[in-house]
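As a basis for the values below, the full set of heavy atoms in this structure was taken, side chains included, without hydrogen atoms, waters or symmetry mates. Lettering follows sequence order; numbering is per chain, from 1.
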Amino acid sequence: MAETTVAERFDRIKRLLFEKMYGRLNEGQKQAVFAVNGPLLVLAGAGTGKTTVIVERIAHIIRFGDLYESSACPVDMTPGEVARLEAAIQLGEDEIAQVLADYVTNPCPPWDILCFTFTNKAADEMKDRLAQTLGDETASAIWAGTFHSICMRFLRKYGESLGYSKDFTVYDTEDSKRCLKSCMQELDIDEAVLPVKSALADISRLKEKLITPQEFSADAQKDLRSKRVALVYALYQKKMRDASAVDFDDIIMQTVRLLETNGEAFDFCNGRFRYVSVDEFQDTNPAQLRLIQLMTERRRNIMVVGDDDQSIYRFRGATIENILNFDSGYPDARIVRIEENYRSTSNILNAANGIISNNKGRHEKRLFTNGPQGEKIVYRKCENQLEEAKFIAGKILELSMKEKRKYSDFAVLYRMNSQSNVIESVFSRSGIPHRLIGGTRFYERKEIKDILAYLAVVSNPADDLRLRRIINEPKRKIGDKLVSDIEIIASANGIPMFEVIKDAPFYPQICRSAQKLKDFCDLITELSKIRDTAPLDVLFEKTIELSGYRAMLVNGGEEEAEKLQNVEELISNAQSYQSAADEPSLSGFLEEVALMSDIDNYDSTGNAVALMTVHSAKGLEFPVIFVPGFEENIFPPSASFEKEDIEEERRLAYVAVTRAKERVFLLSVNERTLYGRTNKNRESRFLREIPQECLRKDEQVENGRRASALSRQSGKNGFISREFAQVPALTRSSPAKAGATFGAGDRVTHMFFGSGTVLSATPVGGDILYVVAFDDKGTKKLMGTYAKLKKE
DNA sequence: CACGCTCTGCCTGCG
DNA sequence: GCAGAGCGTG
């Protein structure tokens with residue numbers, strides 16, 4: 001009897017001590033940290049301290065094992081000891097941690113913990129945070145990395161069992177595209193019938209669903225397009241295999257296959273990884289879900305963290321269903337919601353909640369804050385893109401004066417990269433320091449890829465694709481005809497092209513170009529020698545020198561000078577790799593580069609305004625954000641008017657707004673030029689989803705008589721009315737004539753046709769032409785003046 | 001074989 | 001409106 005009491009007391013005080021020790025976390029965060037065993041889904045909204053939860057939970061597991069959840073009580077527990085513990089509640093966090101550490105149950109070493117992230121940047125941040133909490137040594141033993149980098153470790157180790165050579169290559173998207181293109185030429189499939197880009201996207205989707213070429217081909221009756229894709233997919237996969245190359249999707253798909261077929265690899269994962277967590281789970285695809293299922297099959301200690309409302313990568317194969325239906329795969333999963341936001345004002349959160357609540361397929365949740373209400377969100381309509389950019393520039397200057405803000409407090413988040421041009425040039429003229437994030441990535445620049453292709457060939461002479469890239473770059477009079485002759489000989493003999501080049505004099509078809517080919521061959525041979533004897537940066541330097549690449553750039557203009565600068569930067573990257581890596585090698589560098597994306601991605605250092613797409617802003621936060629182009633056809637883009645796509649756009653708008661801590665400016669323009677055409681777009685439908693009380697439509701929207709005419713008409717004390725924004729051209733010519741006006745999406749009634757939805761409203765000669773889809777009577781064209789439409 | 005011209009197609013983008 | 005691809009000519 002007394003013993004039970006001791007055990008009960010121990011259990012109770014243990015939990016209390018944990019509660020106290022993690023007092024700085026909120027309830028949801030604590031629940032997630034303490035829920036150590038079994039499957040766990042953490043729904044963590046924007047700005048709720050998601051990374052903190054992952055880091056704290058891992059640290060908790062390493063320090064205390066499953067002590068919190070364990071029902072075990074030490075057999076030698078005495079009332080005196082329990083009393084000592086009960087007294088410990090007075091102590092501070094650190095002392096409590098020390099006291100509890102003595103009772104750790106099922107301790108877990110750091111190398112048995114695995115954490116998946118989506119980007120290298122996120123992985124680095126995770127490692128940094130872990131190092132802060134656990135110390136460098138412990139933190140570096142944790143397996144934390146992107147899906148791709150973790151999978152690569154397995155493919156390098158077990159890849160040969162799948163038939164890949166020891167030194168297989170990773171193709172990036174451009175390489176894959178080239179490879180696919182040659183497949184399609186071989187199969188005589190015209191690009192007009194099946195564009196390479198879309199075929200590649202199809203293949204990517206198939207791989208993300210783990211569908212093999214065989215399975216897809218076997219799939220009975222298909223349309224012509226799918227049949228072609230099946231054909232192309234099969235050949236593409238064969239080619240990749242012959243070249244011993246994998247694309248990004250293969251890295252995941254082949255690892256899944258490995259775990260399904262190779263008992264040793266499966267046992268390794270399931271023996272080693274006792275706790276697995278996945279960050280940004282809403283961005284996973286079916287292959288990635290399958291992968292983590294396989295890796296955690298035995299112990300099922302799987303935690304996934306994400307926010308379905310921030311799932312914005314459906315277009316590249318992520319399935320939001322993974323997070324929506326996690327509990328159907330794991331019926332015993334515990335679900336923790338974290339809704340307290342530490343980032344934004346309540347006005348911003350209410351606006352975000354208002355937008356996102358219009359989505360159907362989602363886990364119900366609502367962000368809240370105990371912080372201040374803050375400024376209202378500002379909506380501003382400008383005449384054109386230039387005015388829009390000027391407004392942003394002006395606001396930035398104004399706020400940096402009035403509110404003493406730094407330039408780095410501001411971010412401009414747009415839907416499309418092409419929107420950045422005007423803004424950049426206005427900023428430059430206004431002397432506003434800014435940084436453009438995203439766009440063409442460093443390692444995707446032509447000059448960088450060229451140099452890396454040289455090195456890839458040096459590293460692996462069988463890499464025909466890279467060889468073809470550089471054999472005539474810079475120009476050395478080896479034209480397409482000659483290259484394709486070499487290719488034919490190579491494939492006829494089943495050898496790599498480089499072998500053919502080496503023995504050029506022995507092939508009559510190409511022997512008369514033997515000298516040119518020998519020169520190229522000598523170049524590669526020379527570089528291989530340098531690789532074996534000199535450090536990496538010397539190899540890089542020599543590559544640029546001996547290949548003639550530098551000479552080509554030196555004599556160029558401004559553009560070439562910039563390229564040269566990029567190439568120099570590559571050399572310095574090689575240098576820093578050399579000094580940082582454990583065992584620096586060319587192949588090691590090439591692999592790191594292949595899996596790297598954002599070398600020049602956002603780092604918050606430096607006092608400059610950040611310019612980027614909403615997509616690249618995910619995970620970041622700024623005191624003040626601007627969203628230019630908050631318009632129909634831009635945000636959301638016209639290509640996305642299908643229901644599922646619109647829900648994704650809405651999530652994207654939610655992401656945009658929730659990046660802000662204090663202020664949000666949404667902008668639209670009256671006339672926008674896109675792809676050389678000028679259009680009038682209505683303001684974004686998402687604007688209407690923001691509760692009126694969090695929104696302020698900029699007073700200066702309308703200047704002069706247009707403003708007064710409008711406010712009289714709409715009776716909304718100077719605010720631009722939705723109707724006006726939709727058909728601005730008309731109101732200018734005849735403000736009162738048309739009566740009430742409507743915009744696309746509005747529900748209207750007509751005395752004869754009944755209820756319907758407005759599809760479009762076009763100003764024509766002082767009136768408005770409406771196209772209305774009536775519920776029962778079909779689609780009609782009506783003139784505003786005569787139709788006498790009424791708002792439903 | 002290289003260069004210059006016309007034609008096309010265009011969102012978002014990790015690894 | 002612009003860049004990259006494809007084609008024709010010197």
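- Atom CG in A/D247 sits roughly 14 Å away from atom C1' in B/dC14 (whole-Å rounding).
- The salt bridge (charged side-chain N to carboxylate O under 4.0 Å, His left out) test applied to A/K618 returns A/E280, A/D283, not counting sequence neighbours.
- Distance, A/F118 CZ to B/dG13 C1': 13 Å, rounded to whole Å.
- The pair A/E569-A/R445 does not meet the salt-bridge criterion, since no charged nitrogen lies less than 4.0 angstrom from a carboxylate oxygen.
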Any N/O pairs under 3.5 Å between the protein and nucleotides 8-11 of chain B? List them or say none.
from   : atom 1 : to     : atom 2 : distance (Å)
B/dC11 : O2     : A/R415 : NH1    : 3.0
B/dC11 : O2     : A/R415 : NH2    : 2.7

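- In this structure, A/I437 places its CD1 atom 12 Å from P of B/dC14, rounding to the nearest Å.
- Test A/R672, A/K680, A/R415, A/R682 against A/E631 for side chain to side chain donor-acceptor pair (under 3.5 Å) and you get one pass: A/R672.
- Every stem involving DNA chain B, taken as at least 3 paired positions in a row under the Watson-Crick or G-U wobble test at 3.5 Å, is listed here: B:1-10 with C:1-10.
- Every residue was checked against the salt bridge (charged side-chain N to carboxylate O under 4.0 Å, His left out) condition with A/D128, not counting sequence neighbours, and none meets it.
- Across all strands, A/K446 comes closer than 4.0 Å to no nucleic acid atom at all (heavy-atom distances).
- Counting 5' to 3', DNA chain C first comes under 4.0 angstrom of a heavy atom of chain A and last does so at the ends given by C/dG1 to C/dG6.
- Using a 30° and 60° split on the angle between ring planes, A/F116 and A/F147 fall in the parallel class, below 30°.
- Atom CG of A/L652 is separated from atom P of B/dT12 by 11 Å (rounded to the nearest Å).
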Footprint string (nucleotides 1-6 of chain B, 5' to 3'): B base within contact, S backbone only, - free, heavy atoms under 4.0 Å: SS----
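- A/K477 meets the side-chain contact (heavy atoms from CB on, under 4.5 Å) test with A/K516; sequence neighbours excluded.
- A donor atom on one side chain and an acceptor atom on the other are not found under 3.5 Å apart for A/Y164 and A/D250.
- Taking 4.0 Å as the cut-off between side-chain N and carboxylate O, A/D175 and A/K449 count as a salt-bridged pair.
- Among residue pairs with one or both ends in residues 416-428 of chain A, none qualify as salt bridge (charged side-chain N to carboxylate O under 4.0 Å, His left out); sequence neighbours excluded.
- Judged by ring centres under 5.5 Å apart and planes tilted less than 30 degrees, A/F315 stacks against the six-membered base ring of B/dT12.
- Under the rule for a salt bridge (charged side-chain N to carboxylate O under 4.0 Å, His left out), A/R129 has no partner lying at least two apart in sequence or in another chain.
- Take A/F248 and apply the ring-ring contact (aromatic ring centres under 6.0 Å, His included) test, not counting sequence neighbours, and it matches A/H148.
- Residue A/T173 is in base contact, counting any heavy-atom pair closer than 4.0 Å across all strands shown.
- Applying the salt bridge (charged side-chain N to carboxylate O under 4.0 Å, His left out) rule to A/E473 yields the partners A/K446, A/K475; only residues at least two apart in sequence or on another chain are considered.
- Under the ring-ring contact (aromatic ring centres under 6.0 Å, His included) criterion, A/F520 pairs with no residue at all, not counting sequence neighbours.
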